[in-house]
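In what follows, every heavy atom counts, from backbone to side chain, and hydrogens, waters and symmetry copies are set aside.
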Amino acid sequence: MILRKLTALMMITGFLFCGSAVQAATYHFGQLLAGNGPTNPYFADLEITDNGSGNWTFTLSALDLNTIFGSKSFIGSMAVDGMKPTTISTDIGGGVTKVNLQNGGGPTGIYDFRYDMINPKNDKLTGLESVTWHVGGLGSTALPGYNGELALHVQGIGSNGDSAWYVATSPVPEPETYAMLLIGLGLIGFMTHRKKG
């Protein structure tokens, strides 16, 4: 009887924890999609947090672009294949005063819209800088996956000033994911121990 109560309590706690947790994901960029650039450099992280009620926060952080792409390189935009937000605001930082919404983007314009970081032209996200922006109007849309829904445009590559598009290479689990995994493993271990005893 005690085991059943304990099991039920842990399951309820887990469901409440999952239900109330904010969705978040971190993306590592570096897989070449199109253009003239290195094939698989790891050069940027994007953290996306779904704050609820259709409001999301994005933080894009560039690594040492100069070493990877050359001294004139910068990230100019991020193309998104998904629902376009209705509002946007920027926390000034990383050489970017305003992130703008534009239609289309990506190689051959196949993406639904993009976040531009070079408008006006002197705004640039260069190496070892980061910028944060907030969007609204996305409803309960799930966070983007890792199948090319997001692509970063790197410009000013090498001595010729080439450009290339890169997609995220792999997901990075959030701490909440590890916590739920440990709770589940602990519960299984406890139940197995009780059955043997």
Side-chain angles (χ1 to χ4, degrees), residues 12-31 33 41-65 74-106 111-119 123-154 165-184:
I12 291 169
T13 302
F15 285 128
L16 289 174
F17 181 77
C18 286
S20 63
V22 172
Q23 267 195 103
T26 300
Y27 301 75
H28 290 327
F29 283 87
Q31 182 178 342
L33 179 63
Y42 166 44
F43 69 91
D45 290 322
L46 175 69
E47 184 177 325
I48 302 177
T49 304
D50 179 354
N51 302 309
S53 302
N55 299 307
W56 292 14
T57 299
F58 293 80
T59 299
L60 179 60
S61 302
L63 303 181
D64 187 359
L65 300 181
F74 62 94
I75 299 172
S77 63
M78 181 175 73
V80 180
D81 194 15
M83 187 175 186
K84 186 177 179 180
T86 56
T87 63
I88 185 168
S89 64
T90 308
D91 296 348
I92 297 172
V96 178
T97 57
K98 186 175 182 184
V99 176
N100 293 298
L101 286 171
Q102 301 292 333
N103 291 325
Y111 286 77
D112 295 318
F113 72 96
R114 67 184 186 275
Y115 296 105
D116 272 352
M117 294 163 229
I118 55 172
N119 233 344
D123 283 4
K124 294 179 182 179
L125 185 67
T126 58
L128 305 175
E129 295 182 331
S130 66
V131 62
T132 299
W133 68 97
H134 313 274
V135 300
L138 291 178
S140 59
T141 304
L143 291 171
Y146 295 88
N147 300 313
E149 287 93 339
L150 303 170
L152 290 181
H153 192 205
V154 180
W165 287 93
Y166 290 89
V167 294
T169 55
S170 62
V172 180
E174 293 299 310
E176 293 85 2
T177 304
Y178 288 118
M180 289 307 298
L181 176 63
L182 290 174
I183 289 171

message: Classify the ring geometry of Y115 against F58: parallel below 30°, tilted from 30° to 60°, perpendicular beyond 60°.
response: tilted
Euclidean distance, [Y] [atom2] relative to [X] [atom1], rounded to 0.5 Å:
X	Y	atom1	atom2	value
L60	F29	CG	CZ	7.5 Å
L152	M117	CG	CE	6.5 Å
I48	Y27	CD1	OH	4.0 Å
L46	T59	CG	OG1	8.0 Å
D64	T126	CG	OG1	10.0 Å
L125	I118	CG	CD1	11.5 Å

Tell me if a side-chain donor or acceptor on [X] pairs with a main-chain N or O of [Y] at a distance below 3.5 Å.
X	Y	value
Y166	F43	no
R114	L101	no
T90	V99	yes
T132	D91	no
D116	N100	no

message: Around atom NZ of K84, are there more than 12 heavy atoms from other residues, nucleotides or ligands closer than 6.0 Å?
response: yes
message: Tell me which one of N55, I88, T57, N51 satisfies side-chain contact (heavy atoms from CB on, under 4.5 Å) with V135.
response: I88
query: Do D123 and T97 get their side chains close enough for a donor-acceptor pair, meaning under 3.5 Å?
result: yes
Give the minimum heavy-atom separation between [X] and [Y], together with the two atoms involved.
X	Y	result
F113	M83	CE2-O, 3.3 Å
N147	E149	N-OE1, 2.9 Å
G148	Y111	O-OH, 2.8 Å
G94	E129	O-OE1, 2.6 Å
V167	L33	CG1-CD2, 3.8 Å
W165	A151	CZ3-O, 3.5 Å

